[in-house]
Each structure stands twice: as C-alpha cells, then as structure tokens.
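Both counts, for ligands and for their atoms, begin at 1 and track the order of listing.
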Amino acid sequence: MRKIEHLGIAVKDLKKSTELFEKLLGKPSYKEEAVKREEVVTSFFQVGETKIELLQSSDSQGPIRKFIEKRNEGLHHIAFAVDDIYAEMKRLQEAGFEVLNDVPKRGADHKLIVFLHPRSTNGVLVELCQEIDSSLE
Ligand SMILES: CC[C@H](C(=O)O)C(=O)SCCNC(=O)CCNC(=O)[C@H](O)C(C)(C)COP(=O)(O)OP(=O)(O)OC[C@H]1O[C@@H](n2cnc3c(N)ncnc32)[C@H](O)[C@@H]1OP(=O)(O)O
Ligand SMILES: [Co+2]
C-alpha cells in the first residue's frame, strides 16, 4: 500500500456537498465523473497527496443508496494506492482478507479498483486502486 489514494464519502446531493466541500477545503472540485457500473456520480478534490471522493447514488439500488438508507451520509470507504493490484489481491487473499472482486474493475479517475469486504477489515470498506497508464486508455 503506497498511500491513502482517497477517502470516499457517501452523499445524498452531490451538488450541495460539492459546494460544502469547496467551502471547507477552500478549493474547487477538479472533476465530476459518473461511473455507470458503480451506479454513482463522483466529485473529486485533491488535498495534498490524498483526494476526497464524494459519491452520490445514480440509481434506485446500488451500494451508495443502500449505505445511505442504512447509515445516512458519511465516510463510506478508504482507498489505498497500490503499484500492482493483482499482486496485492493475491497477497491479501492469502492473508485471509475477503476480496470482493475476482478481477479488478474500472473505477473513477483513471484507476483499476477492487474492494475488500468490511467484515474482514474491522468494519471499514477498503478499496485498492492502481493508476491506469493513460497512454493505454
Ligand atoms: C466509482 C468508483 C469509485 C472509485 O473510487 O473509483 C468507488 O469508490 S465506487 C464505491 C461504491 N461501490 C462499492 O462500494 C462497491 C463495494 N461495496 C460492496 O460490494 C457492498 O457495498 C458491500 C459488500 C460492502 C455491502 O453490500 P451488502 O449488499 O452486503 O450491504 P449490507 O448493507 O447488507 O452490508 C452488509 C454488511 O456490511 C456493512 N457495510 C456495508 N457497507 C459498508 C461500508 N461502506 N463500510 C462499512 N461497513 C459496511 C453493513 O453495515 C453490513 O454489516 P452488518 O453488521 O450486517 O450491519
Ligand atoms: Co472510491
């Protein structure tokens, strides 16, 4: 794990929350991106080496909608940057963590991502992210 790549925050109203975080952080969001497969629309802020990722559900189902129904808005996941997501998946599986994805999937902001089930990580949803080489996109 190289660094905390982002903190994912589940929000009900992306526009309102983006305005709130722009005030809080004193800087604008650098991108808004919808990721259909994850049924979310995201808004990103760079804070030093780490980012804040705001996530609003774009579907009547989806993990963010379910999370908010159950726990209201708030911190949803911690994402770590890794250099080799396949090697990390293997290492973590062998170490007994529950990797939710057989293969990495496309995330937001030019990344491959996988998740670890919170029941294997002390109740914290963990995401692994590997930058996608933009020349390959
Ligand atoms: C656009 C991509 C972006 C990126 O960074 O690139 C993203 O970050 S996408 C983020 C949204 N996608 C995901 O979260 C995918 C991974 N999540 C899942 O697969 C599910 O949400 C899962 C498996 C964590 C939970 O799904 P399930 O249907 O089982 O929901 P339950 O409500 O029944 O939860 C079961 C159990 O887990 C606890 N839980 C659920 N979500 C979280 C969470 N975010 N943090 C901690 N714990 C969580 C929930 O409370 C239940 O525990 P229990 O003790 O039974 O109450
Ligand atoms: Co994320």
Side-chain angles (χ1 to χ4, degrees):
M1 311 284 193
R2 199 154 32 82
K3 66 172 184 177
I4 294 178
E5 211 280 338
H6 64 266
L7 297 177
I9 300 174
V11 300
K12 291 174 184 164
D13 179 332
L14 193 67
K15 185 174 177 314
K16 209 167 110 226
S17 294
T18 296
E19 286 163 6
L20 178 75
F21 274 79
E22 284 179 342
K23 252 192 283 180
L24 175 72
L25 301 172
K27 57 169 63 178
S29 154
Y30 69 86
K31 83 159 37 170
E32 191 169 297
E33 181 180 353
V35 181
K36 259 185 103 39
R37 185 185 326 97
E38 290 299 324
E39 298 156 310
V40 289
V41 187
T42 61
S43 169
F44 282 90
F45 294 84
Q46 188 75 42
V47 184
E49 266 214 321
T50 296
K51 300 168 190 167
I52 296 290
E53 175 189 67
L54 303 180
L55 303 118
Q56 177 188 318
S57 184
S58 57
D59 191 283
S60 58
Q61 300 300 322
I64 297 299
R65 167 89 53 197
K66 200 164 177 183
F67 178 88
I68 289 180
E69 276 165 6
K70 206 165 186 179
R71 299 172 164 220
N72 208 341
E73 298 179 299
L75 189 61
H76 180 260
H77 62 274
I78 301 178
F80 295 99
V82 296
D83 295 323
D84 180 341
I85 198 164
Y86 289 94
E88 278 300 288
M89 289 170 71
K90 183 171 180 296
R91 179 181 75 81
L92 292 165
Q93 262 156 346
E94 287 166 2
F97 292 94
E98 193 177 338
V99 179
L100 289 169
N101 315 90
D102 297 333
V103 290
K105 50 187 178 177
R106 189 69 192 261
D109 215 20
H110 311 294
K111 287 192 299 298
L112 285 178
I113 64 173
V114 297
F115 288 89
L116 306 183
H117 200 291
R119 63 177 161 236
S120 64
T121 49
N122 250 133
V124 177
L125 179 59
V126 167
E127 176 183 351
L128 307 182
C129 305
Q130 179 180 329
E131 284 290 323
I132 296 172
D133 178 344
S134 43
S135 62
L136 300 177
E137 287 203 88

request  = To the nearest 0.5 Å, tell me how far Glu19 CD sits from Ser43 OG.
outcome  =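 Here the rounded value is 10.0 Å.
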query = Of all residues at least two apart in sequence or in a different chain, which pass the salt bridge (charged side-chain N to carboxylate O under 4.0 Å, His left out) check with Lys12?
reply =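 Checked Lys12 against salt bridge (charged side-chain N to carboxylate O under 4.0 Å, His left out); zero matches.
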request  = Any chance you could pull the hydrophobic cluster mates of Ile113, using side-chain heavy atoms under 4.5 angstrom and chaining through other members?
outcome  =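 Result for Ile113 is Leu100, Phe115, Leu125.
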ask   = Got a salt bridge between Glu94 and Lys90, using NZ or NE/NH1/NH2 to carboxylate O under 4.0 Å?
value =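 Between Lys90 and Glu94 there is a salt bridge, with a charged N closer than 4.0 Å to a carboxylate O.
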message = Less than 4.0 angstrom from a charged side-chain N to a carboxylate O is my criterion; do Glu69 and Lys66 meet it?
response =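 Salt bridge flag = no for Lys66 with Glu69.
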inquiry  = With 2.8 Å as the limit, count the protein N, O or S atoms near the Co ion (ligand 2).
reply    =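 My tally for this metal is 4.
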Any side-chain heavy-atom pair of [X] and [Y] under 4.5 Å:
| X | Y | result |
| --- | --- | --- |
| Lys111 | His6 | yes |
| His77 | Glu53 | yes |
| Glu5 | Val82 | no |

ask   = In order of chain and number, which residues sit within 4.0 Å of ligand 1 by heavy atom?
value =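 Within the 4.0 Å shell of ligand 1, which is judged on heavy atoms, sit His6, Val35, Glu38, Val40, Glu53, Leu55, Pro63, Lys66, Phe67, Lys70, Arg71, His76, His77, Leu100, Gly107, Ala108, Ile113, Phe115, His117, Pro118, Gly123, Leu125, Glu127.
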ask   = Of the non-hydrogen atoms in Phe45 and Lys27, which two are nearest, and what is the gap between them?
value =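 So the two residues come closest at CE2-O, 3.6 Å.
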